[in-house]
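In what follows, a structure is listed as structure tokens, so that the remarks can point back to it.
Sequential numbering from 1 along the given sequence is applied to the chain's residues. Just the heavy atoms: all of them, side chains too, but no hydrogens, waters or symmetry mates, feed the values below.
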Amino acid sequence: MSPSLAGDEAADCRALAREWGMRWTPVVTHEMERAAYRLNDTDRCFHCKAELMDVLAPIAATDGAVVVLGVNVDDLGDHRPGQKAAAEAGARFPLVDAGFTKAELREASRSMVLRT
């Protein structure tokens with residue numbers, strides 16, 4: 001588990017995985033051990049996501065999987081250094097590849113009656 005993740009978010013992820021019949025395995029990250037993360041500057045998210053990818057990438061590789069993130073095209077115009085760290089580590093952004101905006105994702109979620 002991550003010291004950067006609110007406790008209720010972990011519980012929500014666990015519940016969502018259960019609802020969707022997916023395996024949910026918590027992982028432990030150590031971003032607080034990274035001096036660059038603790039600086040809390042504008043690139044903090046780079047260091048947090050780099051730590052997450054350092055933990056997830058080997059797990060994904062063992063399972064023959066790819067780490068995917070829920071980035072959408074509306075996220076591309078902001079300063080999002082975490083996306084850069086994830087991409088550098090091999091993560092994929094399928095919602096961007098499909099051209100989804102945040103509004104389109106919300107509408108799709110509603111039409112599929114997803115609580116997300």
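- Cluster membership check: Val55 shares its hydrophobic cluster with Val67, using side-chain heavy-atom separations under 4.5 Å among Ile, Leu, Val, Met, Phe, Trp and Tyr.
- A salt bridge between Asp43 and Lys84 is absent, with no side-chain N of the basic residue lying under 4.0 Å from a carboxylate O of the acidic one.
- Taken from NZ in Lys49 to CG in Leu56, the straight-line distance is 9.0 Å, to the nearest 0.5 Å.
- Atom CG of Leu76 sits about 11.5 Å away from atom OG1 of Thr101, to the nearest 0.5 Å.
- Counting heavy-atom neighbours within 6.0 Å of Arg92 CZ, excluding the residue itself, gives a total of 12 or less.
- The structure places NE2 of His47 at 7.5 Å from CG of Leu39, a figure rounded to the nearest 0.5 Å.
- The two residues Pro81 and Cys45 come nearest to each other via the heavy atoms CG-CB, 4.1 Å.
- Counting heavy-atom neighbours within 6.0 Å of Arg110 CZ, excluding the residue itself, gives a total above 12.
- Between Ser111 and Ala108, the closest heavy-atom pair is OG-O, 3.0 Å.
- Side-chain atoms of Asp75 come within 3.5 Å of backbone N or O of Asn72 as a donor-acceptor pair.
- At distances below 3.5 Å, not a single donor-acceptor pair connects side-chain atoms of Ser109 with backbone N or O atoms of Leu105.
- No continuous path of hydrophobic side-chain contacts links Leu95 to Met112 [ILVMFWY only; heavy atoms under 4.5 Å].
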Quiz item: How far apart are the C-alpha atoms of Glu104 and Val73, what are their side-chain angles, what is the distance that settles it, and do they pass the side-chain contact (heavy atoms from CB on, under 4.5 Å) test?
Solution: CA-CA 10 Å; Glu104 291 168 332; Val73 296; 5.8 Å; no

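- Of the listed residues (Glu31, Met53, Met32, Arg34), just one forms a side-chain contact (heavy atoms from CB on, under 4.5 Å) with Cys48, and that residue is Glu31.
- To the nearest 0.5 Å, the span separating CG on Asp41 from CZ on Phe46 amounts to 11.5 Å.
- Between the CD atom in Gln83 and the CZ atom in Phe93 there is a gap of 5.5 Å [rounded to 0.5 Å].
- Between Asp63 and Arg23, the closest heavy-atom pair is OD2-NH2, 2.8 Å.
- Within a 6.0 Å sphere centred on CZ of Phe100, other residues, nucleotides and ligands contribute 12 heavy atoms or fewer.
- Summarising the geometry, atom SG belonging to Cys13 is positioned 10.5 Å from atom CE belonging to Met22; distances are rounded to the nearest 0.5 Å.
- Val66 and Leu69 fall into different hydrophobic clusters, where Ile, Leu, Val, Met, Phe, Trp and Tyr side chains are chained together by heavy-atom contacts under 4.5 Å.
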